[in-house]
Amino acid sequence: MLADTPGDATPRPDAMHEISDGTRDVVDRVLRYARDRALYERVPLDRALPPDELAARAGAAITPEGIGAERATTLFADVLAPACLSTDHPGYVSFIPSAPSKAAIAFDLVVSASAIYGGSWMEGAGAVHAENEVLHWLAGEFGLPEGAGGAFVQGGTIGNLSALVAARDAYRRHRAAMDDAAPVRLAVVCSAEAHSSIASAAAVMDVDVIGVPTGADGRLHGDDVAAALDAHPGVFAVVATAGTTNFGIVDDVAGIARAAKDRGVWLHVDGAYGLAAMLVDELRPAFEGVELADSLVVDPHKWLFAPFDACALLYRDPAGARLAHTQHAEYLDTLTESADWNPSDLAVQLTRRSRGLPLWFSLATHGTEQYRATIRHGIDAAAAIAETIEHRPHLSLVRPPQLSVVVFRREGWTLADYQRWSDRLLDEQRAFCVPSSHAGEPVLRFAIISPLTTVDVLTDILDTLD
């Protein structure tokens, strides 16, 4: 059933696709809900429910006849949506929040409504052109040379995997050209604090990870990378992190780049969270060396205010990525032969949504200076709340913030204390702030992305720690 009126006993094949009162009703209901949710003045925080309780509340929605658009929309609005945390809530300061702009949210609907296949130029030239405009702007901001380019993929995990696959392919081709057999085991060098997706990618690729300890400042340094490269044959890529998830720390990218380049090793920069801070002039020196990357990623669904899910994957020379990723089949030959720029040739994907378009629309609507100002908010708010923490006797910083993540402790508290406090905040629908850990010590952290997460909001959370 499309709406809540009885249908024919035998469903007509075109009933879901035709323009009719029923399909108009479905679209209108969904668009009304989407508009209301996008324009909530007070976003609910909400929370997960236990599986048995949620199943009991939701009941069975997938039935032979369907339950109709009205009941399905009501079920989502009243039962399913409240069982999902709102990552755009100002008090959501755990993990890395999401804070999509209103323009990006709205245009995400357009992407689905337009039925665009974004994998090839032949089928989605307009969308690919718009996405490339964003990618070229980002490449310029990060100092990559003219000719750099890439594609938007699902998230940082797929972006890191795709880049490392391209790096491994380049390594193998080079060794083959030199008539030099590659070592039995290949490896990636990265920080011991690197994102878990690097280990995940290595597991998928069946290669080893050589985790190098960071310095006392939490950064991976070039000298340590050089020593690791000299000690381990078969390293095909080095990964530098531009903004760790737990602390927001930027590695010594310049030193790491020198170590990698001196030895002819591919440099990949994982900037999924933090690389967006390069858009703020005073933060650019912290990222020196990014311009030397062979590949890099930054996730717009984090600090570039796009909806889930979008990762911008960029290559210094996309030609190498095409060699690694282009899929070949009889039915695909026409795409390859007529290609101007096929995003599907640049990552481990073929079918793809044009997930860069919401960011393109928001950038086109508001301009890049607005983005710089909104990113700067997170940096300024982190510095301000860190100063507040330093003036409270029962709180202390674990490390001063470099970007927009603040890690601190409540003196005398155990993990159980932190967890009870976190649960209480969520029960009160005040904030979502879960414990983290550092060097075996339980700690708290604020990850500040949304411009609606103000110093007042953060101070209110701190007040509950008294």
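What you see is a predicted model, and the numbers here were worked out from it, not measured in a lab. Scope of the values below: all heavy atoms of this structure, side chains included, with no hydrogens, waters or symmetry mates.
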The reported gap from OG in S354 to CZ in F107 (rounded to nearest 0.5 angstrom) is 10.0 Å

Does the side chain of V297 reach to within under 4.5 Å of the side chain of L314, using non-hydrogen atoms?
no

All heavy atoms of D108 vs all of P358, minimum pair found to be OD1-CG, 3.5 Å

May I have the step-by-step check of ring pair (Phe, Tyr, Trp, His ring centres under 6.0 Å) for F287 and F142, ending in yes or no?
CA-CA 9 Å; F287 296 90; F142 301 149; 8.4 Å; no

Below 4.5 Å, heavy atoms only, C-beta onward: do V250 and T241 meet side chain to side chain?
no

Heavy atoms from other residues, nucleotides or ligands near CD of E441 exceed 12 (cutoff 6.0 Å)
yes

Give the C-alpha distance, both sets of side-chain angles, the deciding distance and a yes or no for ring pair (Phe, Tyr, Trp, His ring centres under 6.0 Å) between Y171 and W266.
CA-CA 8 Å; Y171 177 88; W266 183 291; over 10 Å; no

Pair D230 + R263: basic N to acidic O under 4.0 Å
yes

Decide if atom CD of Q419 counts as having more than 12 heavy atoms of other residues, nucleotides or ligands within a radius under 6.0 Å.
yes

Starting from the C-alpha separation in whole Å, work towards a yes-or-no answer on side-chain hydrogen bond (donor to acceptor under 3.5 Å, both in side chains) for S362 and Y371.
CA-CA 9 Å; S362 187; Y371 268 72; 2.7 Å; yes

Does the ring center of H438 lie less than 6.0 Å from the ring center of F247?
yes

Residues in side-chain hydrogen bond (donor to acceptor under 3.5 Å, both in side chains) with S112, at least two apart?
R353

Side chains of S98 and D88: closer than 4.5 Å at any heavy-atom pair?
no

Taking R322 first and then D317, would you say they form a salt bridge - that is, a charged N and a carboxylate O separated by under 4.0 Å?
no

